[in-house]
Amino acid sequence: MANFAKPSVPQFSVDVYQNEYLPVGGRDVDAVVTVTATGGGTSGATGVTAGGPAGVVIMVDCSGSMDYPPTKMEGARAATAAAIDTLRDGTSFAVVAGSHVAVPLYPGDGRLAVAGARTRAEAKEALGGLRADGGTAIGTWLRLADALLGGEDLVIRHAVLLTDGRNEHESPESLRAALDACAGRFTCDARGVGTDWEVKEVTGIASALLGSADIVADPAGLAADFTAMMENVMGKGVADVALRLWTPVGAEVVFVKQVAPAVAELTGRRADTGPRAGDYPTGSWGDESRDYHVRVRVRVPANAVGQEMLAARVSLIVPDPAGGDARPVSQGLIRAVWTHDVAMTTAINPQVAHYSGQAELADAIQAGLDARKSGDQDGATAKLGRAVQLAAASGNADTAKLLSKVVDVVDAAAGTVRLKAKVAEADEMTLETRSTKTVRVKR
C-alpha cells in the first residue's frame, strides 16, 4: 500500500455571542455559536485526510426520463467525468448507475477503485455504459453507496447524487428507511437537473445526510457544479464532528440549528452522551466557519436579581486521528444573568437578531411558495412580501434576486410585493431549493 503524507489535523475554535441578561422571570437564553476550523483540509494531499483515507461514490440517475432531452444524460456523463478528474490520487471512488435498481458501474466488483491515471481513464470510459432506462428508486442507490463506502477503512465518506425526476418506484417509507440507515455513515450532496424533480425530496436527502442540495436547471452547467462539489469534498479534513451541549440541573436545550452558511435543523438529531449532555452531528469539515443558533430554557432561581448561572457549555467533539475515543477540542459558555435593568435585558445581540431573521426568511419563502402552489394568492403575497423585507434588511442579495423572479417588488423595506402572473418553473424551483442559504452576520 502506498504511503501518503497526512495533512495536519484542523484546529477548532468556538466563540459564543449572546445577550446574557434576562428580566426577572425570563427563562429563554439565546446564543449564536460560531465554530471555525483552520489549518486542516486536504490541500496538497493525495487521497488522505488528517485521520486517514477518503472515499466518494457518485450516483447518476439513469431512469428513462434522463433521455428527455438527451442533453441531460450527456451532461451527466460530462459532469461525472469532471468529478473523476477532480479526485486526488489515492482517493477511493465508485460510480453507481441508478434507476429502479442500483448498478455498480465502476469498478463494478463491489469495491471502490483507487484514483490514479489508469483508474480515472477506465472510469471515464465506463461512463459510456450510462444508459437511460427504467424507473427511479433512490433508496436502493443510497444503500449501495453505503455498502461500497462501508466496506472500506475510510475517514471521509461522501456521496454525490444526481436525479432528474421523482422517486416514483419505491414508497416514501422505503426512502425514509434508507436515509435513516445511511445517516451518520456518509454525507451526501444532492442535485436536481432540469425541472421535473421534487424539491422537497432532493433537499430532504441532502438534509438527512448533512450535505448540500441545489438545482442545475440547464444540463450544460452540471460539469462545473460537479467540479466545485468535488473540490469541496477534497478539502474536507475531518469527519463526524459533533456539537456537544451540556446543561446543568434546571436548564434544558430548546433547539439547536445551523444558521450559516445555510439553515439546517439539528434539534431532533441529538444523541445523548451522558448525564445532561447530548451531541448534535455537524458532518465533515475543511477550512471553514459555521454558525449555530442555540436556545436554552433555564429555571429562574429564587431572588434571581443579580444572580448568574451557567445555562450551557458548548464543546466540539472531534474523532481522534490516532484511533482513540473522540475528544473535546474547544468549548464556549452560555450564561444567564438576571437584572432589573431594562436597557440591558431588551438589547438584542446582533448575531442572534440577524440569524433569527435568516431563519424566518427561509420559513417565509417556503410558506409563500406552498401558498402559491395551493392557489392562496393572499397568503403567498403576504409571506413572500415578508421574505423580500427580511432579505433586504439582512443584505441577503442573492435571495432577494431570486425572489424578484417570483414577485414584483413595490417596496422592499415595507415588504410590499405583487405576485408575478407567470413564473418560470426553474426560477420557482431555484428559489425553493436555495431558500435556506444565508448570509453571514457582519461582526
Side-chain angles (χ1 to χ4, degrees), residues 61 65-66 68-69 71-72 75-76 79 161-167 189-207 211-226 228-229 261-263 357-439:
D61 191 337
S65 59
M66 283 291 286
Y68 299 95
T71 51
K72 284 196 285 190
L161 184 151
L162 174 69
T163 185
D164 81 319
R166 294 170 174 81
N167 197 48
D189 293 322
R191 295 293 185 267
V193 59
T195 57
D196 294 327
W197 48 280
E198 179 61 47
V199 172
K200 288 181 172 59
E201 204 165 69
V202 170
T203 56
I205 291 167
S207 176
S212 67
D214 207 348
I215 178 174
V216 185
D218 184 351
L222 280 171
D225 183 78
F226 268 45
M229 264 197 298
V263 177
Q358 294 289 283
E360 185 187 350
L361 170 60
D363 290 342
I365 291 172
Q366 291 292 329
L369 292 177
D370 287 345
R372 186 178 180 276
K373 291 174 185 176
S374 69
D376 180 3
Q377 300 289 303
D378 291 342
T381 301
K383 290 294 185 181
L384 293 174
R386 177 58 175 159
V388 166
Q389 185 181 40
L390 290 165
S394 64
N396 195 330
D398 288 343
T399 299
K401 183 177 181 180
L402 294 175
L403 281 162
S404 70
K405 295 183 178 182
V406 177
V407 297
D408 291 318
V409 180
V410 178
D411 186 338
T416 306
V417 303
R418 289 190 299 265
L419 296 182
K420 288 183 180 292
K422 292 184 178 180
V423 177
E425 192 170 14
D427 289 337
E428 184 175 1
M429 292 178 70
T430 301
L431 174 61
E432 184 174 5
T433 305
R434 298 178 183 173
S435 62
T436 59
K437 295 185 183 298
T438 59
V439 291

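Starting from 1, each residue takes its place in the sequence as its number.
Ion pairing of Asp225 with Arg191 is present here, as a side-chain N (NZ or NE/NH1/NH2) and a carboxylate O approach within less than 4.0 Å. A salt bridge does not link Glu428 with Lys405: none of the charged nitrogens is closer than 4.0 Å to a carboxylate oxygen. The pair Asp214-Arg434 meets the salt-bridge criterion, with a side-chain N (NZ, NE, NH1 or NH2) lying under 4.0 Å from an Asp/Glu carboxylate O.
Atoms CD and OG1, from Glu425 and Thr430 in turn, are 10.5 Å apart once rounded to the nearest 0.5 Å. A distance of 8.0 Å separates CD of Gln366 from OG1 of Thr436, quoted to the nearest 0.5 Å. From Leu361, atom CG reaches atom CG of Leu390 across 5.5 Å, with rounding to the nearest 0.5 Å. Thr433 OG1 to Leu402 CG: the interatomic distance, rounded to the nearest 0.5 Å, is 10.0 Å.
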Stepwise side chain to side chain donor-acceptor pair (under 3.5 Å) test for Thr163 and Asp61: CA-CA 5 Å; Thr163 185; Asp61 191 337; 2.8 Å; yes
task: For side chain to side chain contact (heavy atoms under 4.5 Å, CB included), just list the numbers for Leu162 and Val193, CA-CA rounded to whole Å, side-chain angles, deciding distance to a tenth of an Å, and then say yes or no.
output: CA-CA 7 Å; Leu162 174 69; Val193 59; 3.9 Å; yes
**Request:** Show your reasoning for whether side chain to side chain contact (heavy atoms under 4.5 Å, CB included) applies to Val409 and Leu403.
**Result:** CA-CA 9 Å; Val409 180; Leu403 281 162; 6.0 Å; no
**Report entry** Steps toward salt bridge (charged side-chain N to carboxylate O under 4.0 Å, His left out) verdict (Asp408, Lys420)
**Finding:** CA-CA 6 Å; Asp408 291 318; Lys420 288 183 180 292; 2.6 Å; yes
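Nearest heavy atoms, Ala76 versus Met66: CB-CE, 3.8 Å. In terms of heavy atoms, Gln358 sits closest to Ser394 at NE2-OG, 2.7 Å. Of all heavy-atom pairs spanning Ile365 and Ser435, the tightest one is CG2-CB, 3.6 Å.
A heavy-atom distance below 4.5 Å is found between the side chains of Arg418 and Val410. The side-chain heavy atoms of Asp378 and Asp376, taken from C-beta on, include a pair separated by under 4.5 Å.
The environment of NZ in Lys383 is sparse: at most 12 heavy-atom neighbours from other residues, nucleotides or ligands sit within 6.0 Å.
With hydrogens and angles disregarded, no donor-acceptor distance shorter than 3.5 Å links the side chain of Gln389 to the backbone of Ala412. For Ser65 (side chain) and Gly165 (main-chain N/O), no donor-acceptor pair under 3.5 Å exists by modelled atom type. For Thr399 (side chain) and Asn396 (main-chain N/O), no donor-acceptor pair under 3.5 Å exists by modelled atom type. Judged by distance alone, the side chain of Asp189 and the main-chain N or O of Ser212 form a donor-acceptor pair under 3.5 Å.
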Show every donor-acceptor pair shorter than 3.5 Å between a side-chain atom in residues 197-206 and any protein atom, with sequence neighbours excluded, or say none if there are none.
from: Trp197; atom 1: NE1; to: Gly194; atom 2: O; distance (Å): 2.9
from: Lys200; atom 1: NZ; to: Asp370; atom 2: OD1; distance (Å): 3.2
from: Lys200; atom 1: NZ; to: Glu432; atom 2: OE2; distance (Å): 2.8
from: Glu201; atom 1: OE1; to: Asn167; atom 2: N; distance (Å): 2.9
from: Thr203; atom 1: OG1; to: Val199; atom 2: O; distance (Å): 2.9
from: Thr203; atom 1: OG1; to: Lys200; atom 2: O; distance (Å): 3.4

